[in-house]
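Notes follow once the structure below has been shown.
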Amino acid sequence: MRLSQYPINTLKETPAEAEVVSHQLMLRAGLIRRLAAGLYSWLPLGLRVLQKVERIIREEMNRAGAFELVMPVVQPAELWQESGRWTEYGPELLRIKDRHQRDFVAGPTHEEVITDIVRRELKSYRQLPVNFYQIQTKFRDEVRPRFGVMRAREFIMKDAYSFHLDEESLREGYRAMYDAYTRIFTRTGLTFRAVRADSGAIGGDVSQEFHVLAASGEDAIVFSDADDYAANLEAAAALPPAEPRPAAREELRKVPTPGARTIEDLARFLKVDPAHCVKTLIVEGTDGAVVALAVRGDHELNAVKAHKLPGVASPLQLASAERVRAATGTEPGYVGLVGLECRIYADTSALALADFVCGANEKDLHLTGVNWDRDVPGAMPADLRKVVEGDPSPSGRGRLRIARGIEVGHIFQLGRKYSEPMKALVLDEGGQETALYMGCYGIGVTRIVAAAIEQNHDERGIIWPDPIAPFQVVLVPLNLQKSDRVRAATDRLYAELTDAGIEVLLDDRDARPGVKFADAELLGIPHRLVVAERGLEAGKLEYRHRRDTDSHEFPADRALGFMRSRLG
RNA sequence: CGGGGCAUGGCGCAGUCUGGUAGCGCAUCUGCUUUGGGAGCAGAGGGUCGGGAGUUCGAAUCUCCCUGCCCCGACCA
C-alpha cells in the first residue's frame, strides 16, 4: 500500500475528548473517528486491525467446531418478554418502535434469538451438541460511554452459543471454548489471563473472564503467586483468618469522638489501627427491614458478595440517612453494632477481632472494648469483603496479588436459564422432551483493539503485536523524489516484499524524514525499513523494530530473506 | 440518575468578565527553497462562534430556554 494514496490523517495534537492512551492514539493514528457519544466509525487503517482480530477468532472458532451464522441486530420485543429480560435488562437495552408502533430492541446480545432458532431447528438429541457463533454489531445503551471503543455503545462482538443434552456435555463444550479462547488470545500476541468471574446479569452458574493485562485496566483481577488460581476481584473469596479470636479482655467503654465520622477520622482521633475498628453498613433488606453488614475498618465491602446473602436486597442498596436514623437512632458515621435490632452479617475477618472499636449509635460517640457474643450476640458470619494484596489464596497455596485487566472475553455455562422459559426442547434417547443445556461465549472484538494499544504503546505511539498489526512492514524511503537510486531500490524492494505476500506500507509521500519517522512510530507498524542514499552507497538497507532503540544495517540484496527471518 | 465543566474553521486554543461585526498555532492548497527526526519564506481557501428566543442602534460576548459533548460519583456510616 502506498501511503500517498491511503486515506489517512494523523494528528499531532491529542483531541481533548480522549482521556485514555488507546483512545488518544486511535484518534491520532486515524483508526477511528467519533460520530456521537459511544459511536465510532472505523477508518480503513483501523478496520485492517479489526479484521485481523476477526480472522484469528474465526479460524479458532471454526477449528473448535463452531458454526458461523449471522442474526439480525433488530429483534422483536416478544422474544425478550418470553425470556423475562424485557423487564430485567434495564435502560441499557435500547428499545425502538417500528412504523406500526411495534416494540423492538437493538440487540445487546443474542441469547433469545439463538434460542428461538434452536427450538425451531433442533428436534433430536442426535443433533447435539452444537455451537453457533457470529461476529456482529451489538448495541448497549451504556450509562456512561467512555474511553473510545473500550466502552462504546455500539461495538463488535463475537458471540457464540452452545447447546447440549446434559450438563456433562455442556461442561465439555465450555472446556472446548476455554481452550479456543486461550488459543485466540495467545495468537493475538497479547498478555492475558483467564479468571473466575461472577456471572452477573446474564445469569447462570459457572463463568470465567479473559483479561488483557494493562495498568490502565478498569477491572481488578487477583491471582495466587503460587498456583494458577485467578479471579475477578468481585469473585475472589476471602478465607477466614486462621488464628482463633482472642479472648475478651477489655470492658465495653463509651468514648467521645466529636466529628469523627469516618474510619480514618476515628483511627487518627483514638490512635487505633483501622484494622482494629469495625464499620457497620446499613443496607436495604428484602422484607422492608434493614440489614447491618460489618467489615473491618481497613477492608472494603464487596457488593457482589453482599447482595447474594439471604435477606439482603439485590442489587445492593445502602440505606438512606433517614432509614439509618430510624434503625439505629443515630446518623451515618456513628452507627455501631451493640444493641442493633436488625439482622447482622459480619465478615469473617471482623469476627476474628476482640476488644474492637465501633460506633455507639449516638452522635459523636464510639465504643471501645467491643466483643462479639458478649456485646453483640447473633451476628452471622459471612464473606463480605474485597480481598486485598497479600491475603492467602483461596486455592490454599500462595498469597494473592492484584493486577489490572481489561475484560475482552467471557464464557458462561448458562444451563437452562433460557431454554426453559423459551421452551427449547429436544427429544432424548427415550423419546422424552427435555430442555437444552446452554453455554454462551463472548469476545469484545473492538475492545481487543483498544486493549492491545493500552498494553502496547510508548510516548511515540502504538506498538502493534505482529499478528494484529495493520501492516507488517513500513518502508521509508528518504529523498524519494530526488534520488533515482533511492527510487529504484524502493520500487524493487516494495515489489519483492509485496509479491512475497508481506503487507508493506510504503511511505512514498514527498515529506521530510522526521515526518515519516514520526508517523511510522505513531501508527505502530512493527517493522521498519529505511532506504536512503547513505546506505545504498554501501549496498545496505536499514532495519529497526518498533520496540528497538537502534537500527541495524544489512545487505540490500538479501532483503526478502532478512525480512522473512524477522517476521518469523 | 446526581454533581461539575465545555461548545468559536478538520484538530488544539484565544477572544466572552468590560457588547462595536472573529483571531492564533497545527492541518489543507499554490509557488520557491529545504530533505536522516514533526522545515523556512511568500501567498490562498475554509467559521451564519451548538440551536432557538430575547435585550440592544449593534451580540461569539448580556438574559432565558433547548441540545450536544466531556469529567467525577453511585463502597463516608
Side chain of [X] only, heavy atoms from C-beta on: which candidate in [options] is closest?
X	options	value
A:E521	B:G37, B:C71, B:G36	B:G37
A:V335	B:G36, B:A77, B:C71	B:A77
A:I263	B:A77, B:C76, B:C71	B:A77
A:A16	B:G12, B:U35, B:G38	B:G12
A:L281	B:U35, B:C76, B:A77	B:A77
A:V515	B:U35, B:G38, B:G37	B:G38
A:P15	B:G38, B:U35, B:C11	B:C11

Check: [X] side chain, [N] base, donor-acceptor under 3.5 Å:
X	N	value
A:R528	B:G37	yes
A:D519	B:G38	yes
A:R544	B:G36	no
A:E542	B:G36	yes
A:K279	B:C76	no

Between [M] and [N] - [atom1] atom distance, rounded Å:
N	M	atom1	result
B:G68	B:A27	C1'	25 Å
B:G20	B:C62	C1'	14 Å
B:C49	B:G15	C1'	10 Å
B:C26	B:G46	C1'	15 Å
B:G4	B:C41	P	47 Å
B:C69	B:U35	C1'	42 Å
B:A60	B:A22	C1'	8 Å

What is the distance from [atom1] of [X] to [atom2] of [N], rounded to the nearest Å?
X	N	atom1	atom2	answer
A:F517	B:A39	CZ	P	13 Å
A:L478	B:G38	CG	C1'	14 Å
A:E13	B:U28	CD	P	13 Å

A:T328 versus A:V335, closest heavy-atom pair with distance: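 Here A:T328 and A:V335 meet closest at CG2-CG1, 3.9 Å.
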
Do the side-chain N or O atoms of A:K12 get closer than 4.0 angstrom to the phosphate oxygens (OP1, OP2) of B:C26?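 Answer no for this pair, as no side-chain N or O of A:K12 is under 4.0 Å from OP1 or OP2.
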
Between A:R512 and B:A39, does any side-chain N or O lie under 4.0 Å from OP1 or OP2?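 Indeed, a polar side-chain atom of A:R512 lies that close.
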
Name the nucleic acid region contacted by A:R33, choosing base, sugar-phosphate or nothing; use a 4.0 angstrom heavy-atom cut-off, strictly under.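 Counting heavy atoms under 4.0 Å across all strands, no contact is made by A:R33.
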
ring-ring contact (aromatic ring centres under 6.0 Å, His included), that's the test. Do A:W464 and A:F471 meet it? Break it down for me. CA-CA 9 Å; A:W464 292 114; A:F471 292 92; over 10 Å; no

Less than 4.0 angstrom from a charged side-chain N to a carboxylate O is my criterion; do A:K305 and A:D347 meet it?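 Salt bridge flag = no for A:D347 with A:K305.
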
Between A:E19 and A:R146, is there a side-chain N and carboxylate O pair less than 4.0 Å apart?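 A:R146 and A:E19: not salt-bridged.
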
Please step through ring-ring contact (aromatic ring centres under 6.0 Å, His included) for the pair A:F554 and A:Y543, ending with a clear verdict. CA-CA 8 Å; A:F554 66 93; A:Y543 169 84; 7.1 Å; no

Option passing side chain to side chain donor-acceptor pair (under 3.5 Å) with A:D466 (candidates A:H527, A:R566, A:R546, A:Q472):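 Among A:H527, A:R566, A:R546, A:Q472, the one that satisfies the side chain to side chain donor-acceptor pair (under 3.5 Å) with A:D466 is A:H527.
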
